Asks: 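Below you'll find the structure I mean.
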Protein chains: 2
Amino acid sequence: MKKGTTKERIVEEASRLFAKKGYEAVNVEAIAQAVGIKAPSLYKHYRNKQELFDAVVAEMNSRYEETMSAFQMDGYEGEADAPLFAEKTEEQLVVIGIQFFMFFLHDDYASNFRKLLTIEQFQIPRLAALFTQQYTDKPLAYQEKLFTLLIEADVLRECDPKIMTLHFYSPIQLLLTLCDRQPEREPEALRTLEQHIRQFYTLYQKGTDTHE
Amino acid sequence: MKKGTTKERIVEEASRLFAKKGYEAVNVEAIAQAVGIKAPSLYKHYRNKQELFDAVVAEMNSRYEETMSAFQMDGYEGEADAPLFAEKTEEQLVVIGIQFFMFFLHDDYASNFRKLLTIEQFQIPRLAALFTQQYTDKPLAYQEKLFTLLIEADVLRECDPKIMTLHFYSPIQLLLTLCDRQPEREPEALRTLEQHIRQFYTLYQKGTDTHE
DNA sequence: GTCTATAAGAAGATAGAC
DNA sequence: GTCTATCTTCTTATAGAC
């Protein structure tokens, strides 16, 4: 017996399996076996496979939101951090970018949630919306606030902060999904990530400006 | 009866279904029904479901490569186009970016191939590698050649062309996958796409340069 | 709450007539 | 090459003992 109640362990193992193989390819017996019980016992905790799947999505989303809160990426206003960035902005961006990248790549729940949404996004419209919200809209909204502050603080050049944010975030997302697919390319992705952030900063830093 | 041999029609309908629902969720009867035959008849054309799936992937990849050839994005060297870009580079980039985007978003085979690889990438290592090759490595390699020429032609600033290419391409990929998930956001994505390319050009254009 | 036994149905695949 | 009939296996889910 491992830690947690059986019901918790079921969600945990189901999360791993659904994220790896998708809803259809996972059978209830495999989940039960991973937990160490027989399939019929599982029906004492969840009425059916679909309800278990819904519980998995709810649990993953809940954990993901907690994580985002820890990263201050949910409703974060960001005013407090701006002064920190006035100096050494480039190094700060590199550190933040790599930390963000490494955490989301290697955290089990974040990784499984991302894979599950990737696999099932075209099946269930609700998951498509959830995917966009959690992996596009929210991160972009958070970063945009930060960059807007850095523009106001004259650290970054004046331009559309929404696009600036897209330029910062989308390469990170591309590299993250690359590593999800092919973990063996992580070292290369990390090097590219750092180069990306440094070149991003060079392009967007204030002072050595263009007009336009 | 629609056009094409039965065998061709089977791959065609199977492509649509596999791309929409994934391998496991599609049953052979559904494919047969879409073609207008009974399931057992299908086994006269393909030995089993897996062989049909392999044929679908092969066919999609083949068509995709033809498409890329048409876009001169496979082994394209690009020397011929560089002069065109010396003038009106920004507008050219916008037109090319939007054309590329619209084609790959709406072309049935390109769209289905992308969705299929997205759904099945974690199941079959070969598909993961194929996904990266077709939707990351190849487009980046193609664009990098073009941008390298534009740097040499003093149209774009001197910097790492690999990262410059990543900055151009990754927002396009993000917006493309966004529209795959939520087609209703296409108008917004198109506006963002154009803004992205214009801001990309502003950042990278030569002349109004920084030192670094 | 867990088990064994089992129902009920779905899905892949084959046999053989036409 | 397409059909109907059928086989076999897998899978979800339930019944009921412990």
Side-chain angles (χ1 to χ4, degrees), chain A residues 1-60 112 115-116 119-120 122-124 126-127, chain B residues 1-60 112 115-116 119-120 122-124 126-127:
Chain A
M1 289 291 185
K2 296 180 183 175
K3 60 184 175 181
T5 67
T6 302
K7 187 161 186 173
E8 286 166 351
R9 299 220 44 240
I10 291 170
V11 189
E12 195 181 316
E13 296 298 336
S15 296
R16 289 206 2 266
L17 288 166
F18 282 138
K20 194 175 178 184
K21 296 162 152 297
Y23 181 80
E24 290 285 345
V26 174
N27 59 51
V28 178
E29 179 58 43
I31 299 168
Q33 198 177 354
V35 176
I37 58 176
K38 296 290 182 183
S41 307
L42 196 144
Y43 287 85
K44 295 290 178 181
H45 301 279
Y46 296 94
R47 302 162 78 94
N48 53 48
K49 187 184 177 185
Q50 185 62 52
E51 191 180 281
L52 171 55
F53 180 80
D54 293 343
V56 163
V57 172
E59 172 68 13
M60 283 179 151
N112 282 340
K115 287 183 185 174
L116 183 62
I119 293 175
E120 299 294 341
F122 303 127
Q123 294 300 311
I124 306 158
R126 209 186 102 250
L127 296 189
Chain B
M1 289 290 185
K2 295 180 185 176
K3 60 185 174 183
T5 67
T6 302
K7 189 163 186 171
E8 287 166 350
R9 298 220 45 239
I10 291 170
V11 191
E12 196 180 316
E13 296 298 336
S15 296
R16 290 209 359 267
L17 288 166
F18 282 137
K20 194 176 178 184
K21 296 162 150 303
Y23 181 80
E24 290 286 345
V26 173
N27 58 56
V28 179
E29 179 58 43
I31 299 168
Q33 198 176 355
V35 176
I37 58 176
K38 296 291 181 182
S41 307
L42 195 147
Y43 287 85
K44 295 288 178 183
H45 301 279
Y46 297 93
R47 301 162 78 93
N48 52 47
K49 188 184 176 184
Q50 185 63 52
E51 190 178 283
L52 170 56
F53 181 80
D54 293 343
V56 163
V57 172
E59 173 67 14
M60 284 178 152
N112 282 340
K115 288 182 183 176
L116 183 62
I119 293 176
E120 300 294 340
F122 304 127
Q123 296 299 311
I124 305 157
R126 208 186 103 250
L127 296 189

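Just so it is clear, the structure is predicted and the values come from calculations on it, not from any experiment. Letters A, B, ... are given to chains in the order of the sequence lines, protein chains preceding strands, and every chain is numbered from 1.
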Asks: Rounded to the nearest Å, what distance is computed from the CZ atom of residue R9(B) to the P atom of nucleotide dT2(D)?
Replies: 11 Å
Asks: Please list, in numerical order, the residues of residues 21-30 of chain B that have a heavy atom closer than 4.0 Å to any atom of DNA chain C.
Replies: V26(B), N27(B), V28(B)
Asks: Run the side chain to side chain donor-acceptor pair (under 3.5 Å) test against E59(A) and tell me which residues pass, sequence neighbours left out.
Replies: R63(A)
Asks: Mind jotting down which residue pairs meet the salt bridge (charged side-chain N to carboxylate O under 4.0 Å, His left out) criterion with at least one end in residues 34-52 of chain A? Sequence neighbours excluded, please.
Replies: R47(A)-E51(A)
Asks: How would you list all residue pairs meeting salt bridge (charged side-chain N to carboxylate O under 4.0 Å, His left out) that involve residues 14-28 of chain B, not counting sequence neighbours?
Replies: E13(B)-R16(B)
Asks: List the steps, then state whether side-chain contact (heavy atoms from CB on, under 4.5 Å) holds for L116(B) with L127(B).
Replies: CA-CA 9 Å; L116(B) 183 62; L127(B) 296 189; 5.5 Å; no
Asks: Without decimals, in angstroms, what is the distance between N48(A) CG and dG9(C) C1'?
Replies: 16 Å
Asks: Among all residues two or more places apart in sequence or in another chain, which pass the side chain to side chain donor-acceptor pair (under 3.5 Å) test with D54(A)?
Replies: Q50(A)
Asks: Can you list, in residue-number order, the parts of residues 36-44 of chain B that come under 4.0 Å of DNA chain D, counting heavy atoms only?
Replies: I37(B), K38(B), P40(B), S41(B), K44(B)
Asks: Can you sort out the partners of Y43(A) under side chain to side chain donor-acceptor pair (under 3.5 Å), two or more places apart, ordered by chain and number?
Replies: none
Asks: Report the residues that fulfil ring-ring contact (aromatic ring centres under 6.0 Å, His included) with Y46(A), sequence neighbours left out, ordered by chain and then residue number.
Replies: none
Asks: Starting from P on dA13(D), measure out to CG on L52(A) and report it in whole angstrom.
Replies: 10 Å
Asks: Can you measure Q33(A) atom CD to dC10(D) atom C1' for me and round it to whole angstrom units?
Replies: 15 Å
Asks: Applying side chain to side chain donor-acceptor pair (under 3.5 Å), name anything that partners N27(A), two or more places apart in sequence or on another chain.
Replies: none
Asks: Please report, rounded to the nearest Å, how far the C1' atom of dA13(C) is from the CD1 atom of I31(B).
Replies: 14 Å
Asks: Whole Å only: how far is the CD atom of E8(B) from the P atom of dG1(D)?
Replies: 12 Å
Asks: Give the rounded distance in Å between these two atoms: OH of Y46(B) and P of dT2(D).
Replies: 12 Å
Asks: Which class fits the ring pair F18(B) and F53(B): parallel under 30°, tilted 30 to 60°, perpendicular over 60°?
Replies: perpendicular
Asks: In whole angstroms, how far is the P atom of dG12(C) from the CZ atom of F53(B)?
Replies: 14 Å
Asks: Below 4.0 angstrom from OP1 or OP2 of dT2(D), is there any side-chain N or O of T6(B)?
Replies: yes
